[in-house]
Amino acid sequence: MNKQKMTERDICTKFITPAIVNAGWDLYKQIREEVTFTAGRVVVSGKRHTRKQSKRADYILYYKPNLPIAIIEAKDNKHSIGDGMQQGLEYAEALDIPFVFSSNGEGFLFHDRTGQSHPMEQQLSMDRFPSPQQLWQMYKSWKGIDNEVEQIITQDFYTDASGKTPRYYQRISVNRTVEAIAKGQDRVLLVSATGTGKTFIAFQIIWRLWKSRTKKRILFLADRNILVDQTMSNDFKHFGDKMTKIKNRKIDKSYEIYLALYQGVTGTDDWKNIYKEFSPDFFDLIVIDECHRGSAKEDSAWREILNYFSAATHVGLTATPKETKDVSNIDYFGEPIYTYSLKQGINDGFLAPYRVVRYTIDKDVEGWRPEQGQRDRHGNVINDRIYNVKDFDRNLILEERTVAVAKKVTEYMKKTDRYQKTIVFCVNIDHAERMRQAIVNENADLVAENHKYVMRITGDNNEGKAELDNFIDPGNEYPVIAVTSKLMTTGVDAQTCKLIVLDSNITSMTEFKQIIGRGTRINEEYGKYSFTIMDFRGVTNLFADPDFDGDPVQVYVPQSGEDPVPPDVDEDDEDNSDEGFEPFGGNSGGFVDGNDEGEDDEVRTYYVHNVRVKVINEKVQYYGDNGELITESLTDYTKKTVRKEFRTIEDFLQSWNKSDRKQVIIEELLEQGILLDELQEEVGKDFDPFDLICHVAFDQKPLTRKERAMNVKKRDYFARYGDKARTVLEALLEKYADEGIEHIETIEVLKLRPFDQHGSLMEIIKSFGGKKQYLQAVQELEQQIYMTA
């Protein structure tokens, strides 16, 4: 067969795969073809969603499972040998793979990313593909790996019958950490966005080091009891009876894997003696989850533990490496060995995109000053000064402001979904309770059905804390709305949270990232693909901060002779209190919440109930295709984006008319970041995607769907068909007018009402003369719908 006529897949099957196998690669254990390594970015418009195309490598070659060393990009024979190289290099960089090949079946172009080969790129004949041993020796030479290190880094990942394999960034995190530790590095920092599986990463690191006997006794530290328990029953369960949780002041030194809380160690001497019952060299490895956290007191909880066990290897995991002039994770652990950011997670389709709705409240902008001698609800004379947003709900309560926020939240949920899981972040516990009451009053009908529709979940409230597990469980409908202050900022795996409400003065980038992380998980089973942030305090201005999703930059620099582990201090307006945490190994839920303890007792809180408050501006922003918030109007953004793809109206019309299925064009528009449902809402008319684009991007006069349907009827187009076929086409036209073009393009629509009254799907198709004739009739109907004259 002529190679020029072969498809890419034929070239792979007949030439590339045999060449690799002949070089000594095991077809079943070392060669994987068509490896999809991203999920495809989620693009959401209104209630619709689609995914962009996922990234897929033609071949990945593994020295051992989860230890890839080469990637091959294939092309058909109409392309040159090197045509796949640039794509291969892009994939190799993302996948942390050193050797790249491109082939069209005539030979291989080899690129050595390690820089050891001279020249860096060279052509190889089909019978000179390198063997696994050749590439592995080059890899070891590049990395400086000796026999002892090799034994450690080739230790297998844990696998079981479930077939769960690490995502590419999880595999990179684990491999880089194990290799660094095998080569003697004793402090390692991993940065991975919330929702990307840090506990699974920790488990695989520990498993491989433990199974290779590199590290025999290991301590895993977390900041919430619920996280320790979840870790033991989920990812860590495979350690079985080798694992224990330190609790109830009991120490048993017969185990190998220990889990514990790290807060509160600086309490009583009795508690200090709990962890000091272990000798300083008892643990070989300590993994610190959420290592950005630490006590706000003079001595940091995790610092004290790590200083005591300083001989062990320490691995820090965080989504938010804390870097201020006084606090630094990087100074202690070193630069992150790998970073997987929120932006990358969204672009890969593993994390949910979001939109932001910003509200401006008049008193927040203008401030508020009491009249002379004015008293609050309790008869206290209000101190005369101008109060602003930093004061509100802390030392001055404008009760109508809370009501206004509750009304807006309820209004949004009524327009979208009243049962979407929602977290409302408030200034403190008192504010959270008043917000709960306001939301209850705005949703009295649903609260009457179940009083747990709205729950305050704060550190001081046992009834609320008891509902936390139910809130984060996708299978439990209630509670729907969780009102909190600090309790749910970290460690709450709310997989189906679709709405985050910010009514707290958050200025800490660390806290902000953690809060946004409550919504980033995707749960396809429950239809969770995106989330919305409602911002009443201007908190989302932090999105514009280059530190929001950039690489962490170290600020803290210790002075000569100073403790290399920086002190933990309060950041401005950030409550890092560990109030409510149990000491090391404690047995409560380990909750924390802002309770304003430590404030000046003489500062009075004023409750003002007779001041009108109103929302004066509402601005919707969307997370755009380039990873940044769209700050311009949707119409301007759409016009600019569409005209990048279609320079003129004629270009767009040609593409639209040539498409057999208009849904394909609609999905392409969604992929480009055109938010059609939101755009329709902004334009304010019942236009379909065709008219929206023509109107917004090319200033054409639009028609509504009903107007287009009426024009088709006026032309008496259906007269050419028999009675039954004509009736079906008229029903399709009505469905278009009511629901849109995408709802008539699938043949499955004939199984639904009102079409089912005309017979079975096969009977309806037969009335057109067959499936081909039916599809042709639908295409001609679409041509009639979009006829311009």
Side-chain angles (χ1 to χ4, degrees), residues 12 15-33 35 37 57-74 81-157 166 168-169 171-185 208 212 214 337-338:
C12 290
F15 298 100
I16 297 177
T17 299
I20 304 169
V21 172
N22 290 338
W25 295 84
D26 189 303
L27 180 62
Y28 302 104
K29 294 181 180 179
Q30 294 181 301
I31 302 171
R32 285 187 62 199
E33 294 189 54
V35 182
F37 60 91
D58 290 330
Y59 290 85
I60 295 182
L61 306 184
Y62 298 80
Y63 182 69
K64 289 196 71 178
N66 293 305
L67 192 55
I69 56 173
I71 188 170
I72 305 171
E73 279 304 303
I81 288 176
D83 268 1
M85 181 55 69
Q86 291 188 161
Q87 186 179 60
L89 287 170
E90 179 186 328
Y91 288 175
E93 182 176 4
L95 296 171
D96 209 24
I97 294 176
F99 306 117
V100 188
F101 297 83
S102 173
S103 179
N104 66 351
E106 298 289 351
F108 294 95
L109 180 64
F110 171 42
H111 182 108
D112 180 3
R113 296 181 65 233
T114 72
Q116 297 179 97
S117 300
H118 303 286
M120 180 178 283
E121 285 193 359
Q122 53 187 298
Q123 287 196 21
L124 307 174
S125 61
M126 295 299 289
D127 60 355
R128 288 188 56 223
F129 193 85
S131 69
Q133 290 72 28
Q134 286 175 304
L135 290 186
W136 181 242
Q137 287 301 322
M138 291 177 67
Y139 181 87
K140 290 200 299 180
S141 173
W142 172 49
K143 290 283 191 175
I145 294 171
D146 59 24
N147 290 337
E148 183 179 347
V149 172
E150 182 177 8
Q151 285 187 334
I152 300 169
I153 67 173
T154 54
Q155 173 63 49
D156 290 335
F157 281 63
Y168 81 89
Y169 62 84
R171 185 257 307 160
I172 294 172
S173 297
V174 174
N175 283 348
R176 286 194 182 184
T177 302
V178 170
E179 184 177 308
I181 293 172
K183 292 166 73 173
Q185 187 170 327
R208 293 177 66 197
S212 66
T214 307
I337 201 165
Y338 183 63

Do Asn104 and Asp83 touch side chain to side chain, with heavy atoms closer than 4.5 Å?
-> no

Does Asn22 reach the side chain of Asp127, with side-chain heavy atoms less than 4.5 Å apart?
-> no

Under the side-chain contact (heavy atoms from CB on, under 4.5 Å) rule, what do Asn175 and Phe157 come out as? Steps first, then yes or no, please.
-> CA-CA 10 Å; Asn175 283 348; Phe157 281 63; 3.3 Å; yes

Just say parallel, tilted or perpendicular for the rings of Phe101 and Phe110, cut-offs at 30° and 60°.
-> parallel

Any donor-acceptor pair under 3.5 Å linking the side chain of Glu93 with the backbone of Glu90?
-> no

Rounded to the nearest 0.5 Å, what's the gap from CE on Met85 to CG on Leu109? Could you check?
-> 4.0 Å

Side-chain donor or acceptor of Ser131 paired with backbone N/O of Gln134 under 3.5 Å = yes

Between Arg171 and Pro68, is any pair of side-chain heavy atoms under 4.5 Å apart?
-> yes

Within the distance-only criterion (no hydrogens, no angle test), does the side chain of Ser103 pair as donor or acceptor with the backbone N or O of Gly105 below 3.5 angstrom?
-> yes

Indicate whether any N or O donor in one side chain lies under 3.5 Å from an N or O acceptor in the other, for Arg208 and Asn66.
-> no

Could you pull out the closest heavy-atom pair between Ala23 and Pro132, with the gap in Å?
-> O-CD, 3.8 Å

Which class fits the ring pair Trp136 and Tyr139: parallel under 30°, tilted 30 to 60°, perpendicular over 60°?
-> parallel

Determine, stepwise, if the pair Gln123 / Phe108 fulfils side-chain contact (heavy atoms from CB on, under 4.5 Å).
-> CA-CA 6 Å; Gln123 287 196 21; Phe108 294 95; over 6 Å; no

Would you check, one step at a time, whether the test side-chain contact (heavy atoms from CB on, under 4.5 Å) holds for Ile31 with Val21?
-> CA-CA 9 Å; Ile31 302 171; Val21 172; 3.9 Å; yes

CG of Leu135 to CG of Asp112, rounded to nearest 0.5 Å, is 9.0 Å

Nearest non-hydrogen partners of Pro130 and Leu124, listed with the distance = CD-CD1, 4.1 Å

Leu61 and Phe129, any side-chain heavy atoms less than 4.5 Å apart = yes

Drop me the distance from Ile152's CD1 to Glu179's CD, to the nearest 0.5 angstrom.
-> 10.5 Å

Quick one: do the Tyr338 and Thr177 side chains pair a donor with an acceptor below 3.5 Å?
-> no

Taking Ser102 for its side chain and Ile81 for its backbone only, find out whether a donor-acceptor pair lies under 3.5 Å.
-> yes

Shortest non-hydrogen contact from Ile153 toward Leu67 | O-CD2, 4.1 Å

State the CD1-CD distance between Ile60 and Gln30, to the nearest 0.5 angstrom.
-> 14.0 Å

Among Lys143, Lys140, Lys64, find the one that has a salt bridge (charged side-chain N to carboxylate O under 4.0 Å, His left out) with Glu150.
-> Lys140

Less than 4.0 Å between a side-chain N and a carboxylate O, is that true for Arg176 and Asp96?
-> yes

To the nearest 0.5 Å, tell me how far Ile72 CD1 sits from Ile97 CD1.
-> 10.5 Å

Have Gln116 and Ser141 got a donor and an acceptor in their side chains that come within less than 3.5 Å?
-> yes

Counting only N and O atoms by type, is there a donor-acceptor contact under 3.5 Å from the side chain of Arg113 to the main-chain atoms of Val100?
-> no

Got a sec: does the CD of Glu106 have more than 12 other heavy atoms crowding it under 6.0 Å?
-> yes

All heavy atoms of Asp58 vs all of Ala74, minimum pair found to be OD2-N, 2.7 Å

Distance-minimising heavy-atom pair for Ala94 and Ile172 | O-CD1, 3.3 Å

Closest non-hydrogen atom pair between Phe15 and Met126, with its separation | O-CE, 3.4 Å

Is there a side-chain contact between Phe99 and His111 (heavy atoms, below 4.5 Å)?
-> no

What do the steps show when you test Thr17 against Tyr59 for side chain to side chain donor-acceptor pair (under 3.5 Å), and what is the final call?
-> CA-CA 9 Å; Thr17 299; Tyr59 290 85; 2.6 Å; yes

Let me see the working for Leu89 and Ile71 under side-chain contact (heavy atoms from CB on, under 4.5 Å), right down to the final yes or no.
-> CA-CA 9 Å; Leu89 287 170; Ile71 188 170; over 6 Å; no

